[in-house]
Amino acid sequence: MAPPKVQALALVDCNNFYVSCERIFRPDLTHVPMVVLSNNDGCVVSRSNEAKALGVKMGAPWFECTALAEQHGILAMSSNYALYADMSNRVMNILSEFSPRSEVYSIDECFVDLTGTPKMREVSYAMRDRIGMWTGMPVCVGIGPTKTLAKLANHVAKKHPRSKGVFNYNALSPEQKTQLLAHISVEEVWGVGHKLTQKLARHGVHTVQDLRVAHVPTLRAEFGVVMEKTQRELQEVPCIELQEIQPERQQIICSRSFGGMVTELDVLKDALSTFAANACAKLRAQNSHAAVIQVFLQTNRFRKELPQYMPSLAVPLPYPTHDSLEVNRWASCLCERMFKPDYQYKKAGIMLSEISPVTRRQGDLLEPETTSNAKLMQALDQLNQRYGRGTVKVSTQGAFKGWQMRQERKSPNYTTCWDAIPVV
DNA sequence: TCTCCGATTAGAC
DNA sequence: CTAACGGTCTAATCGGAGA
């Protein structure tokens with residue numbers, strides 16, 4: 001039997017994705033140092049190359065950057081997820097035409113199986129060029145025999161301008177591979193974060209090459225199966241398969257930090273009704289039911305001088321549901337049971353778990369299921385899909401102000417809202 | 001003693 | 001000008017409770 005062919009997996013990753021999305025509709029910002037902030041205008045989640053060069057750190061709280069920002073004229077924008085999701089879909093659609101096997105890994109990344117493709121480099125540049133031409137999005141392509149090495153190859157493509165956005169690990173000789181890996185810090189490896197980098201250093205593992213040739217039993221004993229898989233992947237043995245169909249969510253969380261402090265029960269309930277509606281919409285979108293609902297409240301953990309309270313309460317539902325109204329009633333009830341006055345709440349959320357497909361739900365003669373709500377929910381989803389999220393809401397949703405997040409620097413919804421199209 | 005479960009940890013993006 | 005630090009998700013691991 002012939003040995004299995006070496007895979008050629010391409011990881012296509014958008015450059016500075018959120019920032020690039022904003023720039024596509026604001027070409028005047030192309031060379032402006034800029035960042036995109038997380039929800040509530042809290043932290044830096046995307047940086048332009050200019051902002052990186054000025055030392056703005058990923059994940060930094062924005063209020064800590066304002067001095068630097070003022071000094072250098074760094075522009076900060078609120079995140080516009082409707083825009084990013086739409087741009088992502090456009091990029092992914094283009095990529096899907098290059099291979100029958102691909103995996104949308106995240107909003108800005110896609111694995112594309114190019115195994116057996118002749119002229120790998122040409123195809124990679126074709127992907128880049130077509131995405132650039134049709135969407136304006138800059139991307140880099142990394143090719144490797146495993147997901148982990150494709151990721152690493154992408155890192156090389158991003159970091160070295162000489163690669164012109166494409167790097168093929170498979171094209172290297174064994175000596176070149178060793179050389180390359182010996183010059184990359186182990187923290188660049190997919191699955192090795194901050195903590196593991198430190199722990200690996202304590203074991204004398206600093207570079208990717210160190211990890212690749214590390215003593216297997218020790219690695220296994222000290223770092224577990226995950227690290228062992230990572231090592232195997234670096235040795236070109238595929239351990240992490242391409243996931244062409246993405247599995248259904250096992251749990252769904254909807255939570256938000258508030259724009260300000262919240263002290264009233266009714267405001268918390270109002271926020272939770274929005275979270276319940278969003279969580280159930282996600283549940284219905286994947287045709288599932290949840291059997292457990294959990295609600296949590298949180299005071300501001302960064303305000304150490306204030307009294308802290310972070311309760312959380314879970315209940316099994318009498319029967320699995322995806323009904324916004326019913327989930328909202330439970331959320332409300334749980335909220336009431338946990339609520340204590342005299343605390344300043346900063347965040348709340350709802351978690352749905354024990355999720356199963358609707359089709360596998362057991363019939364039960366005593367089941368109080370009614371079809372009326374099901375039809376209502378279906379209509380609600382269709383309206384919100386057609387006319388935009390938030391067109392139709394559950395009664396109390398949005399009646400109380402004071403919890404909505406701050407978004408003082410948001411761009412218009414260029415691609416999903418007619419009114420946002422600039423008049424020439 | 002074995003298994004199950006919830007909480008905790010680590011990571012990705 | 002205030003006050004100001006994200007949101008979802010998965011998998012592994014560990015310790016205690018219960019069988």
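These numbers come from a predicted model, not from an experiment. Protein chains get the first letters and strands the later ones, always in sequence-line order, with residue 1 at the start of each.
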Candidate nucleotides [options], ranked by approach to the side chain of [X] - the nearest:
{"X": "Gln250(A)", "options": "dA11(C), dA12(B), dA4(C)", "answer": "dA11(C)"}
{"X": "Lys346(A)", "options": "dA4(C), dG7(C), dT10(C)", "answer": "dA4(C)"}
{"X": "Ile253(A)", "options": "dG6(C), dC9(C), dA12(B)", "answer": "dC9(C)"}
{"X": "Gln251(A)", "options": "dT10(C), dA12(B), dT8(C)", "answer": "dT10(C)"}
{"X": "Ser38(A)", "options": "dT13(C), dT8(C), dG6(C)", "answer": "dG6(C)"}

Atom pair distance, as rounded to whole Å: CG in Asn39(A) and P in dG7(C):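 About 5 Å, once rounded to whole Å.
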Rounded interatomic separation in angstrom, taking NZ from Lys229(A) and P from dG11(B):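 Value for this atom pair: 16 Å.
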Do any of residues 184-221 of chain A sit with a heavy atom less than 4.0 Å from DNA chain C, and if so which?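 Nucleic-acid contacts, sorted: none.
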Between atom CG of Leu268(A) and atom CH2 of Trp403(A), what is the distance when rounded to the nearest 0.5 Å?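 Result: 11.0 Å between the selected atoms.
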Assign the ring pair Tyr84(A) / Tyr18(A) to parallel, tilted or perpendicular, where the plane angle (0 to 90°) is split at 30° and 60°.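 Correct class here is parallel.
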Which is more 5' along DNA chain C, the nucleotide nearest Tyr81(A) or the one nearest Arg249(A)? Just name the residue.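 Taking each residue's closest nucleotide, the earlier one in sequence belongs to Tyr81(A).
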Asp41(A) vs Cys254(A), nearer the 5' end of DNA chain C by closest nucleotide: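 Looking at DNA chain C, the more 5' nearest nucleotide goes with Asp41(A).
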